[in-house]
2 protein chains.
Amino acid sequence: MQYKEAKNKFVQTWGALGSQWGINKTMAQIHALLMVSNEAVSMEDIMEELQISRGNASMNLRALMDWGIVYKEYKAGERREFFTAEKDLDELAVKISKERSKREIKPALKVLKEVSSIDANASAEEKHFVEQTTKLYDFVLQADNVLDKITEYKDNWLAQLLVKFLK
Amino acid sequence: MQYKEAKNKFVQTWGALGSQWGINKTMAQIHALLMVSNEAVSMEDIMEELQISRGNASMNLRALMDWGIVYKEYKAGERREFFTAEKDLDELAVKISKERSKREIKPALKVLKEVSSIDANASAEEKHFVEQTTKLYDFVLQADNVLDKITEYKDNWLAQLLVKFLK
DNA sequence: ATAAACTTTCATTTTTTTTTGAAAGTTTAA
DNA sequence: TTAAACTTTCAAAAAAAAATGAAAGTTTAT
C-alpha cells in the first residue's frame with residue numbers, strides 16, 4: 001500500500017469510527033488528518049484533501065478546538081491560520097473523556113439522581129424503579145470517575161504498577 | 001415528582017444519552033423502559049408507552065437481543081412474547097463493551113495495523129504517519145483490552161482490591 | 001480609510017438515519 | 001387445515017443531522 005492510499009484509508013476509517021460513536025464524520029476525519037500530519041495544515045488544504053466546503057471545515061474545526069484537541073497555529077509572515085491536533089494520545093484520551101463527561105454524563109447523572117429520589121409508594125413497580133435507577137446512578141458515577149482517577153495517579157509509581165498489571 | 005413522570009424522564013434521558021453515543025434513540029428508550037420494569041413487557045405495551053410503530057419496536061428489540069442485553073420471555077398460557085432487559089449492570093457493561101469491541105474497535109484495529117505497516121520512504125511526512133498510526137494502534141489495542149482484563153480478574157481478590165483502589 | 005485575504009455564520013439543500021405500516025411470514029389452537 | 005393471534009420484513013415516507021455556499025464579518029497591510 002502506498003502512503004497516499006494508507007493515509008486516505010486511515011482518515012476514512014477514523015471518520016466511520018467517529019460516526020458510530022456519535023461524532024460527526026467530518027469532524028473525525030479532520031481530526032484524523034491533523035493527527036497524522038507532521039506539520040500544521042491550512043483550512044484550504046483540509047478542504048482540498050477531504051473535499052468539503054469552507055463552511056463545513058470552519059465549523060468542525062471550531063468544534064474540535066472547543067473539545068480542546070485541535071489548536072490554531074500562526075506562521076510568521078502568513079496571514080492564514082494553520083491547525084494542528086493534540087498528538088499525545090494520553091492527553092487526547094483525557095480531554096475527550098473529560099469533555100464527554102462534562103457534556104453528557106454529568107447531565108445524565110443529574111437526571112438519574114432526580115428520578116431515583118421520588119418517594120416510592122408501596123407498589124413493587126415503584127420500588128423496583130427506585131432501586132434500579134439508584135443502582136444505575138451509582139454505577140455511572142463510578143464509571144465516570146475511573147478515568148479521572150487513573151489520570152490523577154498517572155505520575156504515581158504505585159498506580160503505574162497497577163495500571164501495568166491490569167494491562 | 002410522580003412515578004410516571006420520573007419514569008418518562010428517565011426513558012427520555014436514556015434515549016438522548018444513547019443518541020450521543022451512536023445508539024439509536026428508540027433502541028436506548030426500549031432498553032431504558034425494560035431496565036426499570038419489574039416484569040417482562042409485551043411488544044404492544046412497548047409500542048404504547050413509547051408511541052412507536054410495530055415495525056420500529058420489532059426491529060429495535062431484535063437489535064437489543066443481538067447485543068445480548070434483552071431477552072425474550074414466554075409466559076405460560078400466553079401466545080405473545082414478553083421482553084426483559086439484563087438488569088445486572090456489571091454484566092450489562094461487559095456485554096456492551098464486548099459487542100462494541102467486536103463490531104467497531106477490532107475492525108478499526110485491523111485497519112490501523114495495515115496502514116501503519118506501509119514501508120515509509122525517507123520523507124519526514126511518511127515517517128511521521130507510520131509513527132503516529134503505530135502509536136495509535138498500540139493505544140487502542142491497550143484500551144480495548146483494559147475492560148476485558150478487569151472483567152476477567154473480577155473474582156480475583158487482588159484485582160478486587162486494585163479496582164477498589166483505583167476508584 | 002481602503003481593499004485584499006482571509007474566516008465565520010446561517011438559511012437552504014443534501015444526505016443519512018430512522019420510522020412507518022401494510023404485506024408476508026409464523027405459530028398455535030381447535 | 002384453517003384461522004386467529006401474533007411477529008417480521010422492507011419499500012417508502014418522515015425526521016434528523018450534516019453540508020453547502022454566499023453574504024457578512026474580521027484582520028492586516030498599505
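Numbered from 1 within each chain, the chains take letters A, B, ... in sequence-line order. Note: hydrogens, waters and symmetry copies are ignored here, and every other heavy atom, side chains too, is used. Just so it is clear, the structure is predicted and the values come from calculations on it, not from any experiment.
Taking the side chain of B/Lys72 as heavy atoms from C-beta on, and the options C/dT20, D/dT8, C/dT19, the nearest nucleotide is D/dT8. Considering only side-chain atoms of A/Asn24, the nucleotide from D/dT20, C/dT7, D/dA18 that sits closest is D/dA18. Closest contact between the side chain of A/Ser53 and the listed nucleotides D/dT9, D/dG21, C/dT20 involves D/dG21. Each of C/dT19, D/dA19, C/dT8 was ranked by its minimum atom distance to the side chain of B/Asn60; first place goes to C/dT19. When the nucleotides D/dT20, C/dT8, C/dT20 are ranked by their closest atom to the side chain of A/Ile52, D/dT20 comes out on top. Closest to the B/Met43 side chain, of the nucleotides D/dT7, C/dT7, C/dT18, is D/dT7. For A/Met59, the listed nucleotide lying nearest its side chain is C/dC10; candidates were C/dC10, D/dA19, C/dT20.
Dense packing is recorded around NZ of A/Lys75, with more than 12 heavy atoms of other residues, nucleotides or ligands lying under 6.0 Å away. Other residues, nucleotides and ligands contribute more than 12 heavy atoms inside 6.0 Å of the CZ atom of A/Arg103. More than 12 heavy atoms of other residues, nucleotides or ligands shown are found within 6.0 angstrom of CD on A/Glu78.
DNA chain C is contacted by both A/Ser19 and A/Glu78; A/Glu78 maps to the nucleotide lying nearer its 5′ end (nearest heavy atom per residue). In terms of position on DNA chain D, the residue among B/Lys25 and B/Phe82 whose nearest nucleotide sits closer to the 5' end is B/Phe82.
Phosphate contact (OP1/OP2 of C/dT19, side-chain N/O of B/Thr26, threshold under 4.0 Å): present.
Residue-to-nucleotide contacts include no donor-acceptor pair under 3.5 Å from the side chain of B/Arg79 to the base of C/dA29. In terms of polar N and O atoms assigned as donor or acceptor, the side chain of B/Arg80 never comes within less than 3.5 Å of the base of D/dA5 in a complementary pairing.
In this structure, the CD atom of B/Glu81 is 8 Å from the C1' atom of D/dC6, given to the nearest Å. One can place CD1 of B/Ile46 at 14 Å from P of C/dT20, the figure rounded to the nearest angstrom.
For the pair B/Met65 and B/Tyr71, the minimum side-chain heavy-atom distance is 4.5 Å or more.
Residue B/Glu44 is out of contact with every strand shown, counting any heavy-atom pair closer than 4.0 Å.
A salt bridge does not link B/Lys9 to B/Glu5: none of the charged nitrogens lies less than 4.0 Å from a carboxylate oxygen.
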